[in-house]
Amino acid sequence: MNRLFSKSLCTSAAGANLKPPPADSAAIAKLLLSSPTTAHQIPEEQFLLSTKTPWTPQLVNSVLKRLWNHGPKALQFFHLLDRHHREYVHVASSFDLAIDIAARLHLYTTVWSLIRRMRSLRLGPSPKTFAIVAERYASAGKPDKAVNLFLNMHEHGCFQDLASFNTILDVLCKSKRVEKAHELFRALRGRFSVDTVTYNVIVNGWCLIKRTPKALEVLKEMVERGINPNLTTYNTMLKGFFRAGQIKQAWEFFLEMKKRNCEIDVVTYTTVVHGFGVAGEIKRARNVFDEMIREGVLPSVATHNALIQVLCKKDSVENAIVMFEEMLRKGYEPNVTTYNVLIRGLFHAGDFSRGEELMKRMKNEGCEPNFQTYNMMIRYYSECSEVEKALALFEKMGSGDCLPNLDTYNILISGMFVRKRSEDMVVAGNQAFAKEILRSQSKSGSLLIRKFRL
DNA sequence: GATTGTCTTT
């Protein structure tokens, strides 16, 4: 998500073209957020529609991504350009973004009219478009709709192939509809000549719901059918054992991988380091970490993050900090996850001031805090009745690049209600974030308003 | 966006 809001993305909108746009995507997004949703043809909109704004697909996409948590606004903007601009025509990737936003809001009528519009402009829909919609259907608890979408793809001018088959299976698996995925797999594996990736997706599916015996069955079947498992297959299985709490089996599987001369990689080692750590086996996690270095497999930032996280959770924040400093000394560049994990660790230990310091540090290092950073810090503050601190962060969020999302409101409000301190709500009222919820116009927003009579 | 490792909470 952080990537979506990066500065480079916005400035690159100017592209290699001759003249820079009069406004960047941040300014445009702000303008759109400040205008009422119902009004039409307000001066700002006329500005957006004027031929002086040199719209490019990059600029449009950047605005859409900035308005990700303000879906109705994003769609309003998309439609405005689509319907009223004389020259600009959306590209396929902008349609995909708009479709994703509409599907996320469960506005399926809009989704389908966008797909029709896309088709009439001969821009798609592409397999990617279908992957997006299928994923949204699946995560909205409509896996059958996702399957039907795949089965009827060809009616919308898009051919099914192995890639799209693997995609729909993965979408079903990731939303924990593994039985359904396996069913579809068995029914259609003859029609597409399925490959290692297909099997890997199914193996991963069973692992995700901790049914490792089923995963092993699929692995066996794959070998019997002459499709060779690869390192991804084994790494998936290994992670599955750890996830299911089968530490002994995981270790034996790992040893077997080494015995059979698999080219064990950084993903394998990271999985084991993290797996042992989560199981509370810090010593073994460290041993494996040292072993990988001896074996000449370089730990990545992710490997360090895995170890830092488990040190925070199962050992001590102090040791996690030591690891962090060691990582810096070795020349690694920490990412948002590194900082989030450490800040969470410090906050969890009640050390708010060092957590805040670390956030300052991450900013100084050019690593922008994301939603997770803010929401996590706000959660800890409101749980400890530090409402002023929580609201200060909330304000900082609103003025920066990382606009508060619905989760933020939920965290703030529930944090206050848990404490049942009426004066908290007075503070909250002063901050007028109830108004913000109204403006966000989402279903859950209005539910909140009704629930708490804001 | 065809598959695997690090970030939501116990």
Side-chain angles (χ1 to χ4, degrees), chain A residues 1-2 93 96 100 126-135 150 160-174 181 192 194-205 207-208 215 218 222 227 229-240 242-243 257 262 264-275 277-278 285 288-289 292 297 299-313 320 323-324 327 332 334-345 347-348 367 369-380 383 405 407-408 410-411 414:
Chain A
M1 203 44 134
N2 197 35
S93 62
D96 284 344
D100 200 6
S126 69
K128 185 180 166 182
T129 316
F130 284 101
I132 290 166
V133 181
E135 194 184 323
F150 169 73
Q160 295 148 322
D161 57 4
L162 181 59
S164 54
F165 184 52
N166 288 342
T167 301
I168 185 68
L169 292 178
D170 193 44
V171 160
L172 290 172
C173 285
K174 296 262 165 69
F192 307 95
V194 297
D195 62 0
T196 305
V197 175
T198 321
Y199 276 98
N200 287 353
V201 165
I202 301 295
V203 167
N204 187 45
C207 286
L208 285 176
V218 175
M222 150 181 208
I227 291 168
N230 56 18
L231 187 56
T232 302
T233 323
Y234 297 130
N235 285 344
T236 303
M237 202 62 234
L238 183 62
K239 166 102 179 162
F242 278 117
R243 182 191 292 269
M257 281 171 80
C262 275
I264 307 261
D265 69 354
V266 60
V267 176
T268 319
Y269 279 111
T270 305
T271 303
V272 178
V273 167
H274 188 246
V278 168
V288 174
F289 185 83
M292 76 185 283
V297 180
S300 63
V301 173
T303 319
H304 286 88
N305 292 349
L307 192 51
I308 288 170
Q309 190 211 166
V310 298
L311 286 172
C312 282
K313 285 192 171 165
M323 189 68 221
F324 175 66
M327 164 183 184
Y332 285 95
N335 58 23
V336 201
T337 306
T338 321
Y339 286 108
N340 285 352
V341 161
L342 266 177
I343 295 172
R344 183 178 292 114
F347 269 49
H348 191 78
C367 182
N370 59 15
F371 289 105
Q372 278 124 341
T373 320
Y374 281 107
N375 287 355
M376 171 256 301
M377 291 171 84
I378 290 174
R379 171 175 285 123
Y380 276 107
E383 275 173 8
N405 61 14
D407 285 336
T408 319
N410 281 323
I411 291 164
S414 61

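Residue numbers start from 1 in every chain, and the chains themselves are labelled A, B, ... in the order their sequence lines are given, proteins ahead of strands.
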State which of B/dT4, B/dA2, B/dT8 makes the closest approach to the side chain of A/Asn166. B/dA2
So if I take every side-chain heavy atom of A/Asn235 and compare against B/dG5, B/dA2, B/dT4, which nucleotide ends up nearest? B/dT4
Can you tell me how far P of B/dT8 sits from OH of A/Tyr374, to the nearest Å? 19 Å
Could you give the CD-to-C1' distance, from A/Glu383 to B/dT10, as a whole number of Å? 11 Å
What nucleotide, of B/dA2, B/dG5, B/dC7, holds the atom closest to the side chain of A/Thr167? B/dA2
Over all strands shown, is A/Ile132 touching base, sugar-phosphate only, or nothing at heavy-atom distances under 4.0 angstrom? base
So, OP1 or OP2 of B/dT6: does either fall under 4.0 Å of a side-chain N or O from A/His274? yes
Closer than 4.0 Å, any side-chain N/O of A/Arg344 to the OP1 or OP2 of B/dC7? no
So A/Val272, base contact, sugar-phosphate only, or nothing? Heavy-atom distance under 4.0 Å. nothing
Rounded to whole angstrom units, what separation is found between the CG atom of A/Leu172 and the P atom of B/dT3? 14 Å
Using a 4.0 Å heavy-atom cut-off, does A/Asp170 contact any base of the nucleic acid, only the sugar-phosphate backbone, or nothing at all? sugar-phosphate
Looking at CG of A/Asn340 and CD of A/Gln372, how far apart are the two atoms once the value is rounded to the nearest 0.5 Å? 6.0 Å
Expressed in angstrom and rounded to an integer, what is the separation of A/Phe347 atom CZ from B/dC7 atom P? 19 Å
For a quick check of understanding: with a heavy-atom distance under 4.0 Å over all strands, which category does A/Thr303 fall into, base, sugar-phosphate or nothing? base
Among B/dG5, B/dC7, B/dT9, which is the nearest nucleotide to the side chain of A/Gln372? B/dC7
Whether the side chain of A/Ser300 and the base of B/dG5 hold a donor-acceptor pair under 3.5 Å is what I'd like checked. yes
What is the distance from CD of A/Gln309 to P of B/dG5, rounded to the nearest Å? 14 Å
Does any donor-acceptor pair link the side chain of A/Thr270 with the base of B/dG5 at a separation under 3.5 Å? yes
Using a heavy-atom cut-off of under 4.0 Å over every strand shown, decide if A/Asp407 touches base, sugar-phosphate, or nothing. nothing
Gap separating the CZ atom of A/Phe130 from the OG atom of A/Ser164, nearest 0.5 angstrom: 9.5 Å
Quick one: is A/Lys239 getting a side-chain N or O under 4.0 Å of the B/dT3 phosphate, OP1 or OP2? no
Which residues pass the side chain to side chain donor-acceptor pair (under 3.5 Å) test with A/Asn166, not counting sequence neighbours? A/Thr198
Output the distance between atom CG (A/Asn335) and atom OG (A/Ser300), rounded to the nearest 0.5 Å. 9.0 Å
Given side chain to side chain contact (heavy atoms under 4.5 Å, CB included), test A/Gln160 with A/Phe165 step by step and report yes or no. CA-CA 7 Å; A/Gln160 295 148 322; A/Phe165 184 52; over 6 Å; no
Residues two or more places apart in sequence or in another chain: which of them pass ring pair (Phe, Tyr, Trp, His ring centres under 6.0 Å) with A/Tyr199? A/Phe185
Out of B/dC7, B/dA2, B/dT4, minimum distance to the side chain of A/Asn340 belongs to B/dC7
For A/Asn230 and B/dG5, what is the distance between atoms CG and P respectively, to the nearest whole Å? 14 Å
Whole-Å distance between B/dT9 P and A/Ile411 CD1? 8 Å
Report yes if at least one side-chain N or O of A/Lys313 is closer than 4.0 Å to OP1 or OP2 of B/dT10; otherwise report no. no
From CG of A/Leu342 across to C1' of B/dT8 the rounded distance in Å is 16 Å
Where the side chain of A/Thr232 is defined as all heavy atoms beyond and including C-beta, which of B/dT6, B/dT8, B/dT4 is the nearest nucleotide? B/dT4
